[in-house]
**Student:** 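I'd like to ask you about the structure that follows.
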Amino acid sequence: MNTPVIRIRDLSTRFGEVWIHKGLDLAIERGEMVSLVGGSGSGKTTLLRMVVGLLLPDQGDIEIFGEPLFGGGIARERELRQRFGVLFQHGALFSAFSVFDNIAFPLRELKRYDEDAIHDLVMLKLSMVELLPRHGRLMPAELSGGMVKRVALARALALEPELLLLDEPTAGLDPDRSDSFVRLIRMLGEELGLTVMLVTHDLDTLAALSTKVAVLAEQRILAYGSIDEIMHIDHPFIRNFFLSERSVRALQNSGLPAVPN
Amino acid sequence: MSRVSPADLPRREISANLYKSGVRAMPVTALVGFLIGVVLSYLSALQLKQFGADIFIVNIIGLGIVRELGPVLVAILVAGRSGSAMTAQLGVMRVTEEIDALATMGVQRGLRLVFPKVVALIVALPLLVLWSTAIALIGGMVSAQVQLDISYGFFFQTLPRVVPAANLWIGLAKGAVFGMFIALVACHFGLRVRPNTESLSSNTTASVVSAITVVIILDAFFAIATRSIGLPS
């Protein structure tokens with residue numbers, strides 16, 4: 001058995017007196033595209049931020065590629081961080097840099113490539129996310145919401161990571177843009193053999209992208225499985241989330257069996 | 001492996017910060033320096049005239065500006081100008097998750113964001129002190145000539161005699177120390193910003209107020225520590 005790409009064991013998080021997670025376990029295998037869903041305030045984004053090392057859990061541990069995120073010196077931590085890319089909800093592009101420099105940033109950090117190689121790599125990433133070379137000269141403030149996400153995706157993929165983490169990838173995009181962005185992520189994910197973990201509450205995104213769904217409720221991963229399996233679980237949150245009228249429509253559109261009997 | 005090699009030093013950021021907080025501050029520090037020089041000289045001249053102690057204008061202007069007013073004025077201007085800008089920049093980077101993005105790429109924010117600002121101000125502030133002090137002295141000299149009919153030549157000749165060079169070194173040292181603290185205070189408050197506008201505005205205010213207070217407290221320490229240096233006994 002391979003080591004899981006992400007393994008979370010017995011994780012507990014507390015905000016003041018409130019426990020957000022309690023004894024949470026999750027293991028994500030290589031090649032899966034996992035959507036993390038849960039009610040608002042259930043700690044989805046918090047969990048994602050812990051996986052990428054921006055927050056520390058109060059208890060429990062998280063391993064990525066079988067290694068802990070912290071410890072072992074800056075060089076090791078850096079090397080591990082180069083193996084995953086993060087797409088933040090609002091893109092988090094460096095506003096002082098042009099699109100080109102944003103995508104080039106992680107490459108320049110490596111100090112392994114000369115400027116010519118970096119130029120070629122950036123152009124390759126731009127075309128991967130279906131942007132044109134001339135877009136490289138724009139500043140983040142001049143981009144539309146959809147383009148910001150594409151550039152952010154290109155930057156997240158700059159170092160050819162094995163794992164991609166997405167925080168609300170389609171939030172703030174209109175349905176059309178959102179569809180094409182989801183298609184792009186799925187295509188790239190399959191082409192590059194990425195493992196993907198995303199936080200979303202958009203059912204269209206979930207249905208189109210995920211091979212598995214992890215439901216975060218009652219402070220733990222309540223269920224983890226394919227969409228089909230999840231929908232057959234009788235739990236108030238899952239019923240509300242997947243079987244409301246709106247959800248049924250969304251799932252029907254995506255060609256999945258909507259109403260389990 | 002955790003050592004920082006020279007290649008890791010963020011030279012581009014340092015020079016960008018030097019330009020922004022040093023070169024770009026030259027006009028305003030010159031203007032303020034000149035006016036303060038003129039005003040101080042004018043007011044002193046009015047008093048000195050009554051006692052017939054006209055020539056002491058050089059001592060008052062020289063010591064006051066080189067040792068005290070030059071460094072403190074520049075520090076306050078830079079705290080208001082660059083300190084607030086640094087806090088706001090880091091704060092917005094926090095709000096837009098840019099700092100988080102850096103962290104997930106394994107970039108040390110201390111080295112990349114704080115260090116260049118601190119180095120830039122340590123270098124820029126003494127230079128600005130030198131610049132602004134020179135212009136303030138010119139302002140004082142002009143005013144002394146108009147008010148008391150003290151010639152430029154006399155002013156130039158007397159200045160080095162009544163203001164020992166130690167005072168200039170004290171002024172420059174103050175500049176470097178003030179610069180370091182302004183940058184550290186600004187970065188501290190900038191990284192404390194929570195992702196909302198209220199926090200951004202309150203931290204920017206706190207940054208400027210604290211930086212100016214710290215400068216004045218440090219200046220008091222300097223005054224005590226250097227009380228036996230460079231003053232006519």
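Since this is a predicted model, take the numbers as computed values, not measurements. Reminder, nothing fancy here: chain letters follow the sequence lines and each chain counts from 1.
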**Student:** Side chains of B:L102 and A:F94: does their closest heavy-atom pair fall under 4.5 Å?
**Tutor:** yes
**Student:** Please round to the nearest 0.5 Å and tell me the distance separating atom CG of B:D100 and atom CG of A:L55.
**Tutor:** 8.0 Å
**Student:** How about CZ on B:F221, more than 12 heavy atoms from neighbouring residues, nucleotides or ligands closer than 6.0 Å, or not?
**Tutor:** no
**Student:** Do B:M105 and A:Q82 have side-chain heavy atoms sitting under 4.5 Å apart?
**Tutor:** no
**Student:** Determine yes or no for a side-chain-to-main-chain donor-acceptor pair under 3.5 angstrom, with A:R78 supplying the side chain and B:G106 the backbone.
**Tutor:** yes
**Student:** Can you tell if the side chain of A:L93 reaches within under 4.5 Å of the side chain of B:E98, non-hydrogen atoms only?
**Tutor:** no
**Student:** Heavy-atom distances under 4.5 Å only: say whether B:T104 touches chain A with side chain, backbone, both or neither.
**Tutor:** both
**Student:** Using a heavy-atom distance cut-off of less than 4.5 Å, which residues of residues 83-90 of chain A contact chain B?
**Tutor:** A:F84, A:V86, A:F88, A:Q89, A:H90
**Student:** Has A:R137 got more than 12 heavy atoms of other residues, nucleotides or ligands less than 6.0 Å from its CZ?
**Tutor:** no
**Student:** Test side-chain contact (heavy atoms from CB on, under 4.5 Å) on B:R112 and A:E109; report intermediate values, then the result.
**Tutor:** CA-CA 11 Å; B:R112 184 53 56 96; A:E109 280 299 302; 2.8 Å; yes
**Student:** Under 4.5 Å from any heavy atom of chain B, what part of A:R76 do you find: side chain, backbone, both or neither?
**Tutor:** neither
**Student:** Give a yes or no on this: more than 12 heavy atoms of other residues, nucleotides or ligands lie within 6.0 Å of atom CZ of A:F65.
**Tutor:** yes
**Student:** Assess whether atom CZ of A:R177 is packed by more than 12 heavy atoms of other residues, nucleotides or ligands within 6.0 Å.
**Tutor:** no
